[in-house]
Asks: 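Can you read through this structure? Questions will come right after.
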Number of protein chains: 2
Amino acid sequence: MTDAATHARTDALLDEELRLLDAYWRAANYLSAGQIYLLDNPLLREPLKPSDIKPRLLGHWGTSPGLNFCYAHLNRVIRARDQDMIYIMGPGHGGPSAVANAWLEGTYSEVYPEVSQDEAGMARLFRQFSFPGGVPSHVAPETPGSIHEGGELGYSLAHAFGAAFDNPDLVVACIVGDGEAETGPLATSWHSNKFLDPAGDGAVLPILHLNGYKIANPTVLARIPEAELVALFEGYGYRPYLVSGDDPAVMHARMAEALDLAMDEIADIQATARRGGRDGVRPRWPMIILRTPKGWTGPREVDGLPVEGTWRSHQVPLAGVRDNPAHLAQLEKWLRSYRPEELFDEIGRPVPQVRAQAPQGDRRMSANPHANGGLLLHPLVLPDFRDYAVPVDEPGTTFSEPTRVLGSMLRDVVARNPDNFRIMGPDETASNRLGAVFEVTDRVWEAERLPTDEHLASSGQVMEVLSEHLCQGWLEGYLLTGRHGLFNSYEAFIHIVDAMFNQHAKWLKVTRHLPWRRPIASLNYLLSSHVWRQDHNGFTHQDPGFLDVVMNKKPEIIRVYLPPDANTLLSVADHCLRSRDYVNVVVAGKQPVLNWLPMDEAVVHCARGIGIWEWASTDAGADPDVVLACAGDVPTLETLAAVDLLRRHLPEIRVRVVNVVDLMRLQPDTEHPHGLSDREFDSLFTTDKPIIFAFHGYPYLIHRLTYRRNGHANLHVRGYKEEGTTTTPFDMVMLNDLDRFHLVMDVIDRIPALRGRAGHVRQHMMDERFRHRAYTREYGQDPADINEWVWPY
Amino acid sequence: MTDAATHARTDALLDEELRLLDAYWRAANYLSAGQIYLLDNPLLREPLKPSDIKPRLLGHWGTSPGLNFCYAHLNRVIRARDQDMIYIMGPGHGGPSAVANAWLEGTYSEVYPEVSQDEAGMARLFRQFSFPGGVPSHVAPETPGSIHEGGELGYSLAHAFGAAFDNPDLVVACIVGDGEAETGPLATSWHSNKFLDPAGDGAVLPILHLNGYKIANPTVLARIPEAELVALFEGYGYRPYLVSGDDPAVMHARMAEALDLAMDEIADIQATARRGGRDGVRPRWPMIILRTPKGWTGPREVDGLPVEGTWRSHQVPLAGVRDNPAHLAQLEKWLRSYRPEELFDEIGRPVPQVRAQAPQGDRRMSANPHANGGLLLHPLVLPDFRDYAVPVDEPGTTFSEPTRVLGSMLRDVVARNPDNFRIMGPDETASNRLGAVFEVTDRVWEAERLPTDEHLASSGQVMEVLSEHLCQGWLEGYLLTGRHGLFNSYEAFIHIVDAMFNQHAKWLKVTRHLPWRRPIASLNYLLSSHVWRQDHNGFTHQDPGFLDVVMNKKPEIIRVYLPPDANTLLSVADHCLRSRDYVNVVVAGKQPVLNWLPMDEAVVHCARGIGIWEWASTDAGADPDVVLACAGDVPTLETLAAVDLLRRHLPEIRVRVVNVVDLMRLQPDTEHPHGLSDREFDSLFTTDKPIIFAFHGYPYLIHRLTYRRNGHANLHVRGYKEEGTTTTPFDMVMLNDLDRFHLVMDVIDRIPALRGRAGHVRQHMMDERFRHRAYTREYGQDPADINEWVWPY
């Protein structure tokens, strides 16, 4: 244990500045341990007794002293340079440390006045940690200064880079845990330095913290030779500074020196770039590799087994303190080794010398407005989306590629918001036909460029890397610090970031109930190259299931849009870009589809989110025989083509067409703020007529949304049922029984009066399916009557 | 374009062996291009005309020549050393190459006799590629020799290491694309060398193929200085050999030399380790960095723009061949540059010199049985799971930790199957209380070991790394090559591999319909540390939504089990370990829960998958007033406690308890092979009585499974509704209205006759909730009546 004698020696060896820094560190360590253990007696004014101890010991000590060490040293740098800086704590369970520092800096008591900066407040601070009704064990949304929770590991460095983009004066200090460093997303995040512009962006200072252990195992990066470690980070393009040891006196001096060097280098790199002096050479950004014992300054041994410096200090190093007097005594000795009586005054406030270690006002990392991005949010300067409308004189007679049309609008969003809007994508911006944006911006590319390259530059508002994790992590960091953006992806592969989406949605859910957290821009997904048009790619590229993942999150956060054509996509996109604190998922095709609605009707339809297409219906607004509902571009096409077939072959059938843009409208209004009332739902879908619903995704989702509705028993959903391969577009819908012919068969099967009478029509539809399949197999493409079909009325 | 003159120069420069190898390469390149373009005239016996060209040009040329180059050179190595080797093609769209080589080796015609090794077969081979009714553009399940599809990128290297574990004589050649190398999973997969035992495992030979471009962008690793590139891979622990250039004559010699060196090193490393001579030093395995132009040997320029060596050769380099005579002429010149007349004889079969380049029989990579793992599958030697049963004299009166009980059984599975069974987990095997396995095995750890380490060794059957991607990828590779395993994970974080699960399920769906693919062991997930018991961790760790992702895949592949106690978990685990070609998801807690069923009853209950617990019911087998259904350990506890409350407070109510172990039983038998018939369902749930269903996951899932059932309108589901934080177990169920008191309130609310009469009971339940919450907030733990409740009858 680092006991009083060690601390005294530290005092003697350090100069005044570092001696005070060490006092701050001791205070933070004391407060971290206190949160894990103490229910009462927070300043150890009396000898520790079992009833002072929490009944359930939760939380994690192991990572805290290292995080506190970094925090204390970063504070020194901030004060010395008046540096604008935020921190990101990657290691799991860093909550005690982040909370301790926010309290020491005074921020915690400003945000939560009941947790005052005195003995009573300290008692509350300790008690609330991991306590029912209290605060979580992670660096959660409730923690001032945080934009990164560290619950699910792997995303700290991507968040850090996202925060730094277009923030030229900001340095993001990112502590990467060596456990987290084993994850895939983190392993590729190091390459983010190929996408950071030293002139227009801020800097990221990664501090890889090797404390050697995860939960029960050592970590890979802590157990490779130092030469490999250095080579790895040089290979990633950094200049690593190693700071290694366990003697606080030595370590304070080393860390201060390394940080000064790193900050000087950052300043040099930026100054050179900003005066135009880089000559296209990618800078070698500094990073720090900090190697300290896990659970540093905690119990060295417990019950004869080593604890400090091993995995045994991961969680609660002394577990039996309420029942085991020896453990209790050891805890007291440990806590007293920090000399709390020197660190806190008689009312329990940090003494002035400790308080003076913290920067002032917004310079405190726990109070930096970048970590509460809504404070800095400027609305996007948006063009009028109507200006990009495609003319539609008659529905369903001309074709557009919806994402290409959207690309023109996005081009102008990009141009008008040069420092406030970015588009992320895994090398699919052109493939998804948003290429118009390259008329006004480039793809950021800090690695080597060749003369044959197109639209690559050292700065730009489009970021492309073949990692959905990086796209998502960068964008989250960018949004959380108060900017705007869009993630465009192939639909199937957005599942790669299911878990990241979950965590961001959880973050938003919590922040919406924290009044001091200001709203941020929504996370906008544009999913294109969707399940129905994977002609090149086949079965691996067919998965519309992200919508099912999304729907499990809180309704107040989630929006899903399936615009059927170009004009509706424009209207939806405008709405999403203006919204706050949501996750918006927009599914839209890039292939030519029929234009259904002129812009004014598209606006009305999107505002309603769902509606009867009277021009396509034959029920004259009265009672239909059947409702054909559709959501998504391809299902809408097949539904309208089915209506055409019904008009020709069964003209006596009264058909109503309902199109759904906003999927949430299907839910009851008691479940989702966009939900239709039962009365509205019934007026659209009837309560007793068959409903054939052609859906873009897995059909179960529609049942899940509508099972409480009156008409649900009459609902029959067609969608993707996991059948597919490399084939033609029409063969794909046939494989999944979503094609126009099958929809007509479904209508016939669901209207009892038709069953006998329309047998010949049903047979004709089956023949048509066989004929089309045979043609496709013979000629490798869909017949002309499919490709050239338009709405003929 | 590499034209005839270049090829002639290549011939002159190469010795006989490499000259023949080059001929094989030209044949593979010809066949790859032919698949993309030709509908007819496969051997160019006549001048190329538009009608010879496919109407839709699909597929990807860019990666093919590099893949073919590697394949040809690996064949040389296999023949020279009689090497057992499989290949994994990581780059996307490698289908044309894999198919071309399988056909050249004769395997393709053996597997698909209609695609014979002659001109007619070649025509079929060309036509079927990316053609309706044909074969996909990726290295799909349909492709002989493949265990890795390369549709979703990032997993090649993890698959390769998985295949190599416990296969000491196998070398897995893994071609990693430089696009794929940007993904997170791939970036951390390089660290797999810290988990490969040179004595007991085979070897992986990574070939990083830098062709420089993704879809529309350059790649990061192709655009960093060579010094960084070398440092990066030395940092990852490899010895990289660079093979770089575009002159085939030079490149053949360089590649042959590099491969010989690499294979010699592999042999040395293995020989040293196997004679016990490594002294604990981790070997520095070789790897190859191959830098060649994208679309190598394809058109150099098209319409004045550079194509070979740029992203423009990613897909179809000459797109207008059917309409543009200049393009058609250029295509013909390109195809003829390979001199097909020298490569194929008059019946269209590869000439003997080309055929002789392929190894014989099972040595052909396209025919290697490791790539059709079911051929090599040995059933696990399983102990009798009943031997691990916990005694249960009375239901609900004793406690067990289910996963700890399972751990004892797994210990003996591990011990009895030393080369055939591995457990993967992200450092959670001990945390998930499976620690008994460490009585008989260790965790593989090839990095540095310290004296304080426990259960780390250079070989072992437990693999722990903080990367769910690696755990999943390794296990997939291990299963696909004919072995068995288990992936244990925290429930929430299994979402990290949603996308990988999707792809594996898709792979299984396709292979089940390919008779030549033999069944492999199921992919078994054990999800513990689940949503309801995150006392330490809070909201980020609460997500039971993986089940929703799983349910979107084909019913024939998917099984989901929610055993309520230790004995049912044992029975389920035994069943899963014996099964084939499924994905089994088992959700089971690690915290102490009541034991409900003695083993004989557990076996019967699990075999049925769903059943009435008569001992807990009060309807005497007759008509109940209400059905209380439950699935999952915590919901089962709360349901039984609710029944207890009902017995005490409303003894006149006849209650039936239904417990669900096998979630698929809820689906109609028309939807899932495990589904109950409507008659069976009705006999359990009634058609007219209220059903209060306490579910482990998001409640919608139960609705989705049962919406077609007669009783669905009476069904009321409680489950996780995205409410949670760091709090006590009972507070968690209260936050989500799944607690016993709320279930009683639900019963009262759903039985009209009770509404007025039982008002005081309802009020009492609400009071109980308030009282318990207040206690928790005050004392930080659940009251004794919750923690100590047992089934009292």
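Order of the sequence lines sets the chain letters (A, B, ...), proteins ahead of strands, with each chain counted from 1.
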Asks: Contact between A:Leu701 and B:Arg704 at the side-chain level, heavy atoms closer than 4.5 Å - yes or no?
Replies: no
Asks: Between the main-chain N or O of A:Thr540 and the side-chain N or O of B:Gln503, is there a donor-acceptor pair closer than 3.5 Å?
Replies: yes
Asks: Just verifying a value: how many Å separate B:Thr726 OG1 and A:Leu58 CG, rounded to the nearest 0.5 Å?
Replies: 8.0 Å
Asks: So which of B:Ala187, B:Ala499, B:Pro132, B:Gly151 has the biggest tally of heavy-atom pairs under 4.5 Å with chain A?
Replies: B:Pro132
Asks: Side-chain contact, heavy-atom cut-off 4.5 Å: B:His469 with A:Pro185?
Replies: yes
Asks: Is chain A contacted by the side chain of B:Glu468, its backbone, both, or neither, given a heavy-atom distance below 4.5 Å?
Replies: neither
Asks: Please classify the contact of B:Asp535 with chain A as side chain, backbone, both or neither, using a heavy-atom distance under 4.5 Å.
Replies: both
Asks: Is it the backbone or the side chain of B:Leu450 that comes under 4.5 Å from a heavy atom of chain A, or both, or neither?
Replies: both
Asks: Compare every heavy atom of B:Ile215 with every heavy atom of A:Glu428, then report the nearest pair and how far apart it is.
Replies: CG-CD1, 4.2 Å
Asks: Would you say A:Lys506's side chain and B:Gln542's backbone share a donor-acceptor pair under 3.5 angstrom?
Replies: yes
Asks: Would you mind checking which part of A:Thr219 comes under 4.5 Å of any heavy atom in chain B, side chain (CB onward), backbone (N, CA, C, O), both or neither?
Replies: backbone
Asks: If you count heavy-atom pairs within less than 4.5 Å of chain A, which of B:Phe546, B:Phe493, B:Phe539 leads?
Replies: B:Phe539
Asks: Would you name the heavy atoms of B:Thr776 and A:Phe131 that are closest together and state the gap between them?
Replies: O-CE2, 4.1 Å
Asks: Report the relative orientation of the aromatic rings in A:His712 and B:Tyr707; use parallel for angles under 30°, tilted for 30 to 60°, perpendicular for over 60°.
Replies: perpendicular
Asks: What part of A:Asp548 lies closer than 4.5 angstrom to a heavy atom of chain B: side chain, backbone, both or neither?
Replies: side chain
Asks: Is B:Val510 in contact with chain A via its backbone, its side chain, both, or neither, using a 4.5 Å heavy-atom distance?
Replies: side chain
Asks: Aromatic contact between B:His536 and A:His138, with the criterion being ring centroids under 6.0 Å apart: yes or no?
Replies: no
Asks: As an exercise: rank B:Gln315, B:Met551, B:Glu234 by heavy-atom pairs under 4.5 Å with chain A and give me the winner.
Replies: B:Gln315
Asks: Heavy-atom distance under 4.5 Å to chain B: side chain of A:Pro306, backbone, both or neither?
Replies: side chain
Asks: At a 4.5 Å cut-off on heavy atoms, which part of B:Val549 comes close to chain A: side chain, backbone, both, or neither?
Replies: side chain
Asks: Pick whichever of B:His455, B:Arg777, B:Arg449 has the most heavy-atom pairs under 4.5 Å with chain A.
Replies: B:Arg777
Asks: Where on B:Phe195 is there a heavy atom nearer than 4.5 Å to chain A: the side chain, the backbone, both, or neither?
Replies: side chain
Asks: Please test B:Trp445 against A:Val220 for side chain to side chain contact (heavy atoms under 4.5 Å, CB included), starting from the C-alpha separation and ending with a verdict.
Replies: CA-CA 9 Å; B:Trp445 187 259; A:Val220 167; 3.9 Å; yes
Asks: Take A:Ile224 and B:Lys194 through the side chain to side chain contact (heavy atoms under 4.5 Å, CB included) test and state the conclusion after the steps.
Replies: CA-CA 9 Å; A:Ile224 62 175; B:Lys194 284 88 187 179; 3.7 Å; yes
Asks: Which heavy atom of A:Ile496 sits nearest to which heavy atom of B:Tyr155, and what is that distance?
Replies: CG1-OH, 4.1 Å
Asks: Kindly give the heavy-atom pair with the smallest separation between B:Asn552 and A:Gly545, and that separation in Å.
Replies: ND2-CA, 3.9 Å
Asks: Is it the case that B:Tyr700 and A:Glu671 place a side-chain donor and acceptor less than 3.5 Å from each other?
Replies: yes
Asks: With a 4.5 angstrom heavy-atom cut-off, is it the side chain or the backbone of B:Ser189 that approaches chain A, or both, or neither?
Replies: neither
Asks: Do the side chain of A:Asp543 and the main chain of B:Asn502 share a donor and acceptor less than 3.5 angstrom apart?
Replies: no
Asks: Is there a side chain to side chain contact (heavy atoms under 4.5 Å, CB included) between B:Glu180 and A:Leu466? Walk through the geometry before answering.
Replies: CA-CA 7 Å; B:Glu180 177 180 26; A:Leu466 211 161; over 6 Å; no
Asks: Without swapping roles, check the side chain of A:Arg56 against the backbone of B:Gly780 for a donor-acceptor pair under 3.5 Å.
Replies: yes
Asks: Let's test your reading of the structure: which of B:Glu228, B:His191, B:His495 forms the most heavy-atom pairs below 4.5 Å with chain A?
Replies: B:Glu228
Asks: I'd like to check A:Arg223 versus B:Glu446 (side-chain heavy atoms, cut-off strictly below 4.5 Å). Are they in contact?
Replies: no
Asks: Which value, rounded to the nearest 0.5 Å, describes the distance between B:Glu464 atom CD and A:Asn217 atom CG?
Replies: 5.0 Å
Asks: Where on B:Leu456 is there a heavy atom nearer than 4.5 Å to chain A: the side chain, the backbone, both, or neither?
Replies: side chain
Asks: Check whether B:Arg773 gets within reach of chain A through its side chain, its backbone, both or neither, counting any heavy atom under 4.5 Å.
Replies: neither
Asks: With chain A as the partner, which of B:Asp731, B:Thr725, B:Thr728 has the greatest number of non-hydrogen pairs under 4.5 Å?
Replies: B:Thr728
Asks: Just by distance, do the side chain of A:Asp427 and the backbone of B:Ala216 share a donor-acceptor pair under 3.5 Å?
Replies: yes
Asks: May I ask you to name which of A:Pro699, A:Pro218, A:Ser137 has the most heavy-atom pairs under 4.5 Å with chain B?
Replies: A:Pro218
Asks: Report which part of B:Glu722 has an atom under 4.5 Å of a heavy atom belonging to chain A: side chain, backbone, both, or neither.
Replies: both
Asks: State, to 0.1 Å, how close A:Thr188 and B:Glu182 come at their nearest heavy-atom pair, and which atoms those are.
Replies: OG1-O, 2.6 Å
Asks: Is A:Glu152 close to chain B through its backbone or its side chain, or both, or neither, when contacts mean heavy atoms under 4.5 Å?
Replies: both
Asks: Measuring heavy-atom distances to chain A, does B:Trp190 have an atom under 4.5 Å in its side chain, in its backbone, in both, or in neither?
Replies: neither
Asks: By a 4.5 Å heavy-atom criterion (distance strictly below it), what part of B:Arg282 contacts chain A: side chain, backbone, both, or neither?
Replies: side chain
Asks: Would you check if the side chain of A:Lys554 reaches a backbone N or O of B:Lys721 as a donor-acceptor pair within less than 3.5 Å?
Replies: yes
Asks: Please classify the contact of B:Glu723 with chain A as side chain, backbone, both or neither, using a heavy-atom distance under 4.5 Å.
Replies: both
Asks: Any chance you could lay out the side chain to side chain contact (heavy atoms under 4.5 Å, CB included) test for A:Asp453 and B:Tyr213, step after step, and finish with the verdict?
Replies: CA-CA 10 Å; A:Asp453 292 336; B:Tyr213 297 89; 4.2 Å; yes
Asks: Testing the 3.5 Å rule here: is there a donor-acceptor pair between the side chains of A:Tyr779 and B:Lys54?
Replies: no
Asks: So which of A:Gln781, A:Met500, A:His60 has the largest heavy-atom pair count under 4.5 angstrom toward chain B?
Replies: A:Gln781
Asks: Quick one: what part of A:Phe233 sits under 4.5 Å from any heavy atom of chain B, side chain, backbone, both or neither?
Replies: neither
Asks: If you draw the axis of the six-membered ring of A:Tyr698, does the NZ or CZ of B:Lys553 fall within 45° of it and under 6.0 Å from the ring centre?
Replies: no
Asks: Checking B:Leu57 against chain A: side chain, backbone, both or neither under 4.5 Å from a heavy atom?
Replies: backbone
Asks: Going by the angle between their ring planes, with limits at 30° and 60°, are B:His93 and A:His541 parallel, tilted or perpendicular?
Replies: tilted
Asks: Looking only at atom types and distance, does a side-chain atom of A:Thr183 sit under 3.5 Å from a main-chain N or O of B:Ser467, one as donor and one as acceptor?
Replies: no
